Amino acid sequence: VQLQASGGGLVQAGGSLRLSCRASGIIFSVRGMGWYRQVSGRQRELVADMSSDGTINYANSVKGRFTISGDNASNTVFLQMNSLKPEDTAVYYCNAGIRTRSSGIYYDDFWGQGTLVTVSS
């Protein structure tokens, strides 16, 4: 399984970006997908995630500004980021819990390669 993320870049404060991440490979079921971010020297933190039952979680710092959505048919998750702030600058990673076996209940964790988001003041 591979997670391919795209959409990062440089934007001015107040601007918007849309991240995309598509999972490909042997996929029998997806438990959930989400986005994390990491600043150098700090721990990776959850930005937003959504489970297969539709439950969505957001970090308090992005509520009201970011929106996570997904396309089940293509195993793709999106992150619409509006009203970006300099403190949103980080490498953004997509994550997915995926079952790669035709039977069983176990899901493995997969990570994308990361995409850099830089917000200038």
Side-chain angles (χ1 to χ4, degrees):
V1 173
Q2 288 189 328
L3 270 61
Q4 184 67 42
S6 62
L10 173 65
V11 65
Q12 287 189 333
S16 298
L17 283 174
R18 179 178 167 90
L19 305 183
S20 300
C21 176
R22 182 177 180 182
S24 61
I26 300 175
I27 299 171
F28 285 94
S29 179
V30 178
R31 178 183 58 200
M33 299 185 76
W35 293 94
Y36 289 71
R37 66 186 181 188
Q38 188 170 23
V39 176
S40 180
R42 297 184 183 178
Q43 284 190 333
R44 192 171 296 188
E45 64 176 7
L46 173 70
V47 177
D49 64 10
M50 59 188 305
S51 63
S52 57
D53 66 1
T55 301
I56 291 176
N57 297 298
Y58 291 102
N60 286 334
S61 59
V62 307
K63 283 181 180 177
R65 300 187 298 122
F66 292 9
T67 302
I68 189 171
S69 61
D71 177 15
N72 292 335
S74 64
N75 295 318
T76 302
V77 64
F78 305 97
L79 186 68
Q80 179 66 43
M81 305 185 294
N82 299 328
S83 303
L84 282 160
K85 304 176 180 180
E87 50 263 45
D88 294 318
T89 295
V91 177
Y92 284 70
Y93 296 90
C94 63
N95 169 267
I98 296 173
R99 179 164 60 86
T100 59
R101 296 182 175 90
S102 60
S103 61
I105 61 173
Y106 296 104
Y107 289 78
D108 294 309
D109 237 10
F110 293 91
W111 291 90
Q113 82 281 13
T115 184
L116 177 62
V117 172
T118 303
V119 185
S120 63
S121 57

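Predicted model, so just to flag it, every value in this text is computed and none were measured.
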Within 6.0 Å of CG in N72, more than 12 heavy atoms from elsewhere:
no
Do [X] and [Y] sit in one hydrophobic cluster, given that two such residues count as connected whenever their side-chain heavy atoms are within less than 4.5 Å of each other, even indirectly?
X	Y	value
L116	W111	yes
L46	V62	no
F110	I27	yes
V91	W35	no
V117	V47	yes

Tell me the closest heavy-atom pair linking [X] and [Y], and the distance in Å.
X	Y	answer
G8	T115	N-OG1, 3.1 Å
T89	V119	OG1-N, 2.9 Å
C21	M33	O-CE, 4.1 Å
S16	N82	OG-OD1, 2.9 Å

Could you tell me the separation between the [atom1] atom of [X] and the [atom2] atom of [Y], rounded to the nearest 0.5 Å?
X	Y	atom1	atom2	value
S121	Q12	OG	CD	9.5 Å
M81	R18	CE	CZ	11.0 Å
L17	L19	CG	CG	6.5 Å
F78	T67	CZ	OG1	13.0 Å
L79	D49	CG	CG	11.0 Å
L3	I98	CG	CD1	5.5 Å

Is there a side-chain contact between R31 and D109 (heavy atoms, below 4.5 Å)?
yes
Just checking, R101 and F28: is the charged tip under 6.0 Å from the six-membered ring centre and within 45° of the axis?
no
Which label fits F66 and Y92: parallel for a plane angle under 30°, tilted from 30 to 60°, or perpendicular past 60°?
tilted
Between the side chain of [X] and the main-chain N/O of [Y], is any donor-acceptor distance below 3.5 Å?
X	Y	result
R99	S29	no
Y58	G64	no
Q113	Q4	no

